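Some notes on the structure that comes next.
Remember, predicted model here, so these are calculated numbers, not experimental data. Every chain is numbered from 1, with letters handed out A, B, ... down the list of sequences.
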Amino acid sequence: MTARFSLGIDLGTSNCAMALTDLETDGTEVVPITQILAANQSGEKLTLASALYLPHPEEFRPGSFPLPWDAGGETGIVGQFARDHGALVPDRLVTSAKSWLSNPHIDPKQRTLPWRSDSVEEKLSPFDCSRRYLEHLKGAFLHTVQAQGRDWALGDGQIVVTVPASFDEVARNLTAEAAQAAGLGSVTLLEEPQAAFYAWAARAGREWRDAVTPGDIILVCDVGGGTADFSLIAVTDAAGNLELERISVGEHILLGGDNMDLALAYTLQARLEAEGKSLDAWQFLTLVHEAARAKITLFENSSLSEAPIAVPSRGSSLFARTIATSLDRALLSEVILDGFFARTALGDLPQEVRRAGLQEFGLPYASDPVISKHLARFLTRSLQNVRASDELAALAGARADDTALMPTAVLFNGGVFKAEAIRGRVLELLASWNGGQAVRELAGFELDLAVAQGAAIYGQHRATGKGMRIKAGAARSYYVGLETSRLAIPGFRPRVKALCVVPQGMQEGTKQLIEGQTFGLLTGEVAAFRFFSSAVRSGDTPGQIVADAESELEETSLLEVELPALPDVPAGQAVPVRIESVVTELGMLELWMNHNNSDRRWKVEFQVRTQ
Amino acid sequence: MRVVLIITVLLLVAVSAAALVPVAEPIPQYLALIRQYLEPARPYLPPATLALAVLVFVEIFFQPRRTLPPRTPAAEPARPAFAGPPASRAEAEIVQFLAMLQEQGRLVDFLMDDINAYTDAQVGAAARVVHAGCKAVLQDHFRIDPVRSEPEGSTVQVPAGYSSDEYRLVGKIAGSAPFSGVLVHRGWKTDTVKLPQLLRGADDGLPAIAPAEVDVK
């Protein structure tokens, strides 16, 4: 197939965006997304709020929200109106579905959202929500290209969907599966920080090769509405050509711009309450909105010392009950810069809260709001990861000697970094950790749309086979747990050993047969295995055993494989199998159990732990 | 016709807002310009323009009522949504635009309230809500540029074949184009109008400007 276009989809935690590269004309453009904007309006916006509102059956007339591509089969409204209206009816609003996809405590295919709601008629699963967003984006894309007079079908293009670098393989596979269910076919996955880098390189044009030099380590620092995501990319010289390799990815941190706006609003609310003015829930939402606007005004215009804020009442009298206050620069700096981007030391890592005995289930929001500390932790862990493998240690070179792997350059992404003051603070922080030596900034652009554009550009590189590629491979190494058989000792749980089945950096389109470890599977039964991962053990090789999986690795999910009853095997007899791992061309991880004595094989399914 | 009336309302509101915003604050440039232009008439402006705005407003929105059936009694029984005869699409779209100004900028609340009962500080605070919201609506749906980019008060040339939409020549007009004169008002124009689509059945009446809001417990 000769691809005619490449479509990049940024499936964000709080906002989605799409960009398109026409492979014939070689131009990349952001695709506007038709959506419901208000109770009786539809129109286009450059982003789609990742919000799904489930209306009460009598709330709106049937067919009140027609979309050009919608057959009307499903309830629920996606986009701007869903978010605006749902903020006032929170019991019926689904947000942050994407973060639930990577939550190890729930099954992403169980109908659990809106979380803790007791009023919706039928809940949706995180997987369904992602599928719904992708279906909407697909419809909007086809609608737009048709309106432009292009006769493209989805099969004519390369489709790239971005995922956080912090997503594990289970969440990545679920995203790809959701895209398939949404009718997008087999999509390629790309990590968001890498997408931001492709967008930057495409914008810098031929000069990008001059902007980086071999030996550079580039930090991609992506703070969106709801999540913070970090990656490191090493630049090396391979026979005169620049080569890029993603050498480290961060953890899933639920902390972003929305937290900052909320923090400002809470501070302002406390001040208003001290003056004897109280706000109702609706006014508080308006205050969040207005505080965000005032924040942008102050950050964009450094000559202003304060920005006024007026919060009207919900009633129709605007004059009598509008509450006036203002956001001053000192408060802004205190809350945003010193609150979220404090000047902390490199050794100052995020505080782990002591878990209460009974913990409320929910999204694992970051308990420490200081992004500086999360960044320090990422750089420290990166060093640990790089040191674990000789190959990576060579890439990092002399920079691998310190307490953390310090970058030489930084590329910012995400709406938060539109503020020069925040970028400045992060650069200052990095320089202070780097012994006073400045870390240079690679100038990004359109920080909230770059990921979608980078994804479209990556799709173009894939489809044409031309253009730069970041060497990435598997972001983590993966392990299958093996129960140790030994004498039971009261009070001591037996250690779980783990067998490495996927090494970090395993490339797309490769297979790995694990020699030396044979499992016995009973026919006609489901066999379950524990599945672990690590982002900091780059040196582990397939077949290697980790002695204490529970303390050294992170548990990701359960693996299940069912062998049907085989005609040539007596019931109850174990069939010897070996594990083969495959990273598909599209970047999906698959595990197979191969029969030792024949070419029969069974696919292992990922199951989410439910306890 | 209605479009003209709506724009009149907008301009009148902008004028009164310009006159009402307390002088100390940094105010947006266009309000400053309007205010500068209107400075001599300032004392008479707020009451006059507001009264005019309300009149125009009443004219726009009470006219269609004449064709509606008589009002239902105060304790309203449940009635089918969107009662009333079908309204033309153009009218419905104008109401929808007004609904956007109300939703985001509380424009109708601002105009329908009794302004005389409140202090300038209260009116000023309310004007900020109207200004921020209505400005956002304008920016989202129009691209607005000045007709002339030169500073007001400078001498400009009006080219031959100018559009009478874009220029209003005043003073002493003689000879032939190009005309030279002092730029009194730089003018505003838009070349992009991108209004959302109104979702509405063929038999629906006019949409509400703002729905009554009920907090269900």
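- Using a 4.0 Å cut-off between charged side-chain N and carboxylate O, A:Lys295 and A:Asp261 make a salt bridge.
- Of the two parts of A:Ile36, only the side chain, counted from C-beta on, holds a non-hydrogen atom closer than 4.5 Å to a non-hydrogen atom of chain B.
- Heavy-atom pairs under 4.5 Å with chain A peak, among B:Gln122, B:Glu103, B:Lys194, at B:Gln122.
- For A:Arg293, the part sitting under 4.5 Å from any heavy atom of chain B is the side chain, from C-beta outward, and nothing else.
- Using cut-offs of 30° and 60° for the angle between ring planes, the A:Phe65 and A:Phe60 rings count as perpendicular.
- A perpendicular orientation is assigned to the rings of B:Tyr162 and B:Tyr167, their planes being inclined by more than 60° (bins at 30° and 60°).
- Under the 30°/60° scheme for interplanar angles, the aromatic rings of B:Trp188 and B:His185 are found to stand perpendicular.
- Between A:Thr286 and A:Pro312, the closest side-chain pair of non-hydrogen atoms falls below 4.5 Å.
- Distance alone, capped at 3.5 Å, places no donor-acceptor pair between the B:Arg186 side chain and the B:Pro151 backbone.
- Taking A:Ala38, A:Ser316, A:Ser42 one by one and counting their heavy-atom pairs under 4.5 Å with chain B, the maximum is reached by A:Ser42.
- The candidate with the highest count of non-hydrogen atom pairs below 4.5 Å against chain B, out of A:Ala310, A:Ala39, A:Gly43, is A:Ala310.
- Between chain B and the options A:Ala320, A:Ala324, A:Pro66, A:Gly315, the largest number of non-hydrogen pairs under 4.5 Å is found for A:Ala320.
- Of the atoms belonging to B:Ala210, not a single heavy atom falls under 4.5 Å from chain A.
- Taking the charged nitrogens against the carboxylate oxygens, B:Asp191 and B:Arg143 do have a contact shorter than 4.0 Å, which makes a salt bridge.
- Contacts of B:Asp114 with chain A are made by backbone atoms alone, with heavy-atom separations under 4.5 Å and no side-chain atom involved.
- For B:Gln96, the parts lying under 4.5 angstrom from a heavy atom of chain A are both the backbone and the side chain.
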